[in-house]
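See structure below.
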Protein chains: 2
Amino acid sequence: MGSKIPLATVLRLSRYYRRLAHLEGQGMNTISSKKLGEVEGVTSSQVRKDLSLFGSFGTKGLGYPVPELKRNIAYILGLDRKWRVGLVGVGNVGSALTAYKEFHKQGFDIVVAFDNDKRKIGSKRGELVVRDVEDIEEYLKQEKVDMMILAVPADQAQKVAEKVVGCGIRAILNFAPISLRLPPCVFVRDENMVIELEALSFSLMNRRLIE
Amino acid sequence: MGSKIPLATVLRLSRYYRRLAHLEGQGMNTISSKKLGEVEGVTSSQVRKDLSLFGSFGTKGLGYPVPELKRNIAYILGLDRKWRVGLVGVGNVGSALTAYKEFHKQGFDIVVAFDNDKRKIGSKRGELVVRDVEDIEEYLKQEKVDMMILAVPADQAQKVAEKVVGCGIRAILNFAPISLRLPPCVFVRDENMVIELEALSFSLMNRRLIE
DNA sequence: CCATGTGAAGAGGTTCACAGCG
DNA sequence: CGCTGTGAACCTCTTCACATGG
């Protein structure tokens, strides 16, 4: 239980968490690594290893207590608090995200939205009023924002990213289909939907794939 | 140049492809692995290794010809053709995807959309008429569809996935925040937006992260 | 006896380093 | 001389296997 955590482990923890929430809702109070591994499509040793990187949550001979393990994972992932999220770009994708209930459900609140299209500025997305992207620095210096979602066209993404990083943002979810070059202190996750379809098309064409 | 291709390589090829398209547009006709690695944030040996898994595309002492390399990667990824894509679920996310230009730009055409909401059935998303999800099997048996995008709620995803797999679909892009359990002959890519935010929140809380 | 937690072994992917060739 | 292509070394993550404890 030490220092370097594989990214893959973090992503699996999210999946375990979601599954445990579901199982807890069904009244299950104990689960073995074998069972959890089966429903998530990983080996039981993978489950145990992932969890053991953060502590000992189970009981030998029995398994893991569902509600408690869920709480522990929530704590590990930082899901026991609210996160203030900003959005840049309210095109089709950005607008859909403002209405995406899973974010809010997990404590990620989109608290502000920006765009550079004069016709959109001032319009609303639910409760949110779209602001001028020119005002983004002023806003970020006054209001606390934990992470930013970029849903802007590819040719604007790098510029916008640098701007928000300059305002102290250290976590970015990037929907633009381009790789951002940012200092290593900034965490970036890409949500590149075309790349995922391309991975599928590759798989269909080359049935010798992957891992 | 042989058999097993790492998934990570495939995903990087997509990024190289996009970058090469951009550089070609700027009139660049040759690029070294060093330069391409720099702009994509990977090592030059990584670039060379990735490409060498599929052939020899470069010239020693010079680098890679941009337009030709782009064409070669397009061929490898299956981007030199059109793909017929179906969509299930035209809520916020699904609707945004019907209007997402990057898909079409890369040859992924959403040719049909389904939903189970009577108020949505018959309505239009651009040119697309939303069909009743009850008719999905009938449709898939008549029309050729290469891959399906699932943008349905988590509690319906598994059922819908099994249904389309039963109709012969072998590639699924899953936006539902739940792990699908499907036969290994089916390629699934998850686009789990909450998980990505959770990876960011973990990173912010534990500045010792990843890899 | 059952299932966890973990050191050791095994796979898989990345980086190194250099031979080879334009 | 410069840069590719590639086997070998390295490193990271996964799986194995078993000691441990309820």
Side-chain angles (χ1 to χ4, degrees), chain A residues 1-16 20 23 28-66 68-70 72-73 76 184 199 202 208-211, chain B residues 1-16 20 23 28-66 68-70 72-73 76 184 199 202 208-211:
Chain A
M1 170 185 175
S3 42
K4 272 284 178 47
I5 306 295
L7 169 60
T9 290
V10 177
L11 299 177
R12 280 191 298 269
L13 286 181
S14 286
R15 292 165 49 192
Y16 302 158
L20 291 167
L23 294 172
M28 180 181 276
N29 41 32
T30 295
I31 192 166
S32 66
S33 60
K34 181 158 178 289
K35 196 77 183 45
L36 182 53
E38 273 167 15
V39 291
E40 282 302 319
V42 301
T43 64
S44 61
S45 24
Q46 185 71 83
V47 172
R48 293 199 300 280
K49 182 67 84 182
D50 285 339
L51 296 174
S52 76
L53 293 173
F54 296 95
S56 296
F57 305 113
T59 308
K60 300 189 184 202
L62 233 179
Y64 300 90
V66 171
E68 200 180 314
L69 182 58
K70 177 186 154 233
N72 277 307
I73 296 180
I76 293 166
F202 175 83
R208 43 106 144 156
L209 168 88
I210 280 186
E211 273 175 346
Chain B
M1 173 185 177
S3 44
K4 270 281 177 49
I5 307 296
L7 169 60
T9 290
V10 178
L11 300 177
R12 280 192 298 269
L13 287 181
S14 286
R15 292 167 48 192
Y16 303 158
L20 291 166
L23 295 172
M28 180 182 274
N29 41 33
T30 295
I31 193 167
S32 66
S33 60
K34 182 159 178 289
K35 195 76 182 47
L36 182 53
E38 273 167 16
V39 292
E40 282 302 318
V42 300
T43 64
S44 62
S45 25
Q46 184 72 83
V47 172
R48 293 199 301 278
K49 182 68 84 182
D50 285 339
L51 297 174
S52 76
L53 292 172
F54 297 95
S56 296
F57 306 113
T59 309
K60 302 192 182 199
L62 233 180
Y64 300 89
V66 171
E68 199 180 315
L69 182 57
K70 178 187 153 232
N72 277 306
I73 295 180
I76 293 166
F202 176 83
R208 43 107 147 157
L209 166 89
I210 283 184
E211 272 176 348

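Order of the sequence lines sets the chain letters (A, B, ...), proteins ahead of strands, with each chain counted from 1. This structure is a prediction, so every number in the text was calculated from the model and none was measured.
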Distance in angstrom units between [X] [atom1] and [N] [atom2], rounded:
| X | N | atom1 | atom2 | result |
| --- | --- | --- | --- | --- |
| Leu36(B) | dC3(D) | CG | C1' | 14 Å |
| Asp50(B) | dG13(C) | CG | P | 11 Å |
| Leu53(A) | dT4(C) | CG | P | 15 Å |
| Phe57(B) | dC21(C) | CZ | P | 19 Å |
| Ile31(B) | dT4(D) | CD1 | C1' | 14 Å |

Would you list the protein and nucleotides 16-22 of chain D atom pairs, both N or O, that sit under 3.5 Å from each other?
from    : atom 1 : to       : atom 2 : distance (Å)
dA17(D) : N6     : Arg48(A) : NH2    : 3.2
dT20(D) : O2     : Lys60(A) : NZ     : 3.2
dG21(D) : N2     : Gly61(A) : N      : 3.4

Q) Does the side chain of Gln46(A) get closer than 4.0 angstrom to OP1 or OP2 of dT15(D) through an N or O atom? A)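 Looking at the OP1 and OP2 atoms of dT15(D), one of them is under 4.0 Å from a side-chain N or O of Gln46(A).
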Q) Under 4.0 Å between a side-chain N or O of Tyr64(A) and OP1 or OP2 of dG5(C)? A)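 Result: yes.
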Would you say that [X] contacts [Y] through its side chain, given a criterion of any heavy-atom pair below 4.5 Å between the two side chains?
| X | Y | result |
| --- | --- | --- |
| Tyr16(A) | Leu69(A) | no |
| Thr9(A) | Phe54(A) | yes |
| Leu51(A) | Leu13(A) | yes |

Q) When we call it a touch if two heavy atoms are under 4.0 Å apart, what does Ser33(A) touch: a base, just sugar-phosphate, or nothing? A)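 Since only primed, P, OP1 and OP2 atoms lie under 4.0 Å of Ser33(A), the category is sugar-phosphate.
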Q | Qualifying salt bridge (Lys or Arg N to Asp or Glu O under 4.0 Å) pairs, either residue in residues 35-49 of chain B, two or more places apart | A |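 Found Arg15(B)-Glu40(B), Arg19(B)-Glu40(B), Lys34(B)-Glu38(B).
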Q: Just jot down the side-chain contact (heavy atoms from CB on, under 4.5 Å) partners of Asn72(B), sequence neighbours excluded, or say none.
A: Phe57(B), Glu68(B)
Q | Verdict with reasoning, Phe202(A) to Ile5(B), per side-chain contact (heavy atoms from CB on, under 4.5 Å) | A | CA-CA 11 Å; Phe202(A) 175 83; Ile5(B) 307 296; 4.2 Å; yes
